[in-house]
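First up is the structure itself, then whatever we jot down about it.
Naming: A, B, ... by sequence-line order, numbering from 1 per chain.
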Protein chains: 2
Amino acid sequence: MASRLDRIDLKMLRLLQNSGRLSNAELAEMVGVSAATCHRRTQRLFDEGFITGVRALVAPRRVGKGALVMVGVVLDRSTPESFASFETAIARLKFVLDCHLVAGDFDYFLKIRVGDMEDFNRIHGEQLIALPGVRQTRTFFVMKEVVDNAPLEF
Amino acid sequence: MASRLDRIDLKMLRLLQNSGRLSNAELAEMVGVSAATCHRRTQRLFDEGFITGVRALVAPRRVGKGALVMVGVVLDRSTPESFASFETAIARLKFVLDCHLVAGDFDYFLKIRVGDMEDFNRIHGEQLIALPGVRQTRTFFVMKEVVDNAPLEF
DNA sequence: ACTGGCCATGGAAGAATCTTCCGAAAATAA
DNA sequence: TTATTTTCGGAAGATTCTTCCATGGCCAGT
C-alpha cells in the first residue's frame, strides 16, 4: 500500500490542490497523459489517501465570519485524562478551526473564526473558559491576515 | 453587488465546502432545484466571490510534510515599514501556511509545515531569524493535531 | 536473447453530465 | 391590476466521464 508518487502524480496533486474542480480532461492534458490514465491515477490518489477530500473555499467575510482569533490555552493539570476530556469537548465547538497540542508555554493553540470581537467575547466567556480543565487562556486578536491557509508546498 | 444568500445558497455553500467535487446534478438534487438553476447559482457563488476557490486536501504526511510548528514572532520596531517588509518577505516562504498580525505579546503568528524537527531547525536558522526586522521568535512544536483546518461553520 | 507474467497506457464507445436557450412562473413595482 | 424584472425548469446539442480491451514496456527466470 505504501505506493510511490512519480512526477506525474505530484504534478496532479499540485494542480488539484490549486484547482480542485479541474475536469479530468483538462487535468489529463496538463500533465500529458490520456484521459483514461488520468482518471485512473486520480482515483488512486483518492483511494490511497493522498487526497483526503476536496473543499470549496468560502470567503469568511461573506458569510459573517470575518474575525479571526488565536488563543493559547493552559490546562489545570497535565494528565492524559485532562488532555483527553479537553480534546473531546473542543471537537464539538464548530468555530474552532485549529486545535493543536503544543510544546512550550501553552498546552493548546486554537484558531477561531467568529463574526466580530463582541461575538468572540461572548464565546470566550460562555464556552472557552468553561471547557474542562482550563486554567487560563491568552487571546491574540488577528489584526491582519497576511497569509491564511496557504496551499501545501511539496 | 452585495447580494444576499438565501437558504438554498447557504446549503450549496455548505455542501460544496465539504465535497467540492460534487457534480452539478448531485448538488441540484441535494438542494432541491433543477440542474439549470443549480448551475446558475453555483456560478454566481464563484463569480461574486463567495467561493474563492476549490482545493484538493493533500495529506501532509503522505508528501513528506508531517511536522507542524507554530511560531510567535516579535519585530525590532513597530513601524509600518518594518511590518511591510516583514510581510513581503514572508509571503515568499512557501512552508508558511498562516501568517497573522496579532495584538498581544507577539507581532506575528506563523503556522509552518515541514518534514521534521531537523528540517525546521535548519529553516528556522537559515530563513526565519533572517527575515527583516525579526528580534525574536518563540517556537511551539505541535505534538498532536487535534483539529486541523476544520471547515468553516456559518 | 527469449519467454512469460505483470502492469501501465491509450483508444473507443455508451452512459452520464454540462451548459445554454427559451418560454413560463413568480416576485416586484407602479 | 398591469407592467417590468427576475428566477425558474425543460429540453437538447455538446462535452465529459467511465469502463473495457488490446497494445507495449519492463523485469525475472530460463
Nearest-angstrom distance from the residue atom [atom1] of [X] to [atom2] of [N]:
| X | N | atom1 | atom2 | result |
| --- | --- | --- | --- | --- |
| B:Met12 | D:dT7 | CE | C1' | 14 Å |
| B:Gln43 | C:dC18 | CD | C1' | 11 Å |
| A:Arg21 | D:dC17 | CZ | C1' | 15 Å |
| B:Glu29 | D:dG9 | CD | P | 13 Å |
| A:Met30 | D:dT16 | CE | P | 12 Å |
| A:Leu27 | D:dT15 | CG | P | 20 Å |
| B:Ile8 | C:dA26 | CD1 | P | 15 Å |
| A:Asp47 | D:dT18 | CG | P | 12 Å |

NZ/NE/NH1/NH2 to OD/OE distance under 4.0 Å, B:Arg44 and B:Asp9: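 Yes, B:Arg44 and B:Asp9 are salt-bridged.
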Pair A:Asp105 + A:Arg138: basic N to acidic O under 4.0 Å: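 Here A:Asp105 does not pair with A:Arg138 in a salt bridge, since their nearest N and O are not under 4.0 Å apart.
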So which nucleotide from [options] ends up closest to the side chain of [X]?
| X | options | value |
| --- | --- | --- |
| B:Asn24 | C:dG10, C:dC18, D:dG9 | C:dC18 |
| B:Arg41 | D:dC8, D:dT18, D:dC17 | D:dC8 |
| A:Thr37 | C:dC21, C:dT9, D:dT19 | C:dT9 |
| B:Arg40 | C:dG10, D:dG9, D:dC17 | D:dG9 |

Parallel, tilted or perpendicular: rings of B:Tyr108 and B:Phe83 (30°, 60°):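 Aromatic pair B:Phe83/B:Tyr108 classed perpendicular.
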OP1 or OP2 of C:dT19 under 4.0 Å from side-chain N/O of B:His39: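 So the side-chain polar atoms of B:His39 do come within 4.0 Å of the phosphate oxygens OP1 or OP2 of C:dT19, strictly under.
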Sugar-phosphate, base or nothing in reach of A:Ala36, heavy atoms under 4.0 Å: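 Counting heavy atoms under 4.0 Å across all strands, the contact made by A:Ala36 includes a base.
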Residue B:Arg122 excluded, over 12 heavy atoms near CZ under 6.0 Å: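 Yes, the 6.0 Å shell around CZ holds more than 12 heavy atoms from other groups.
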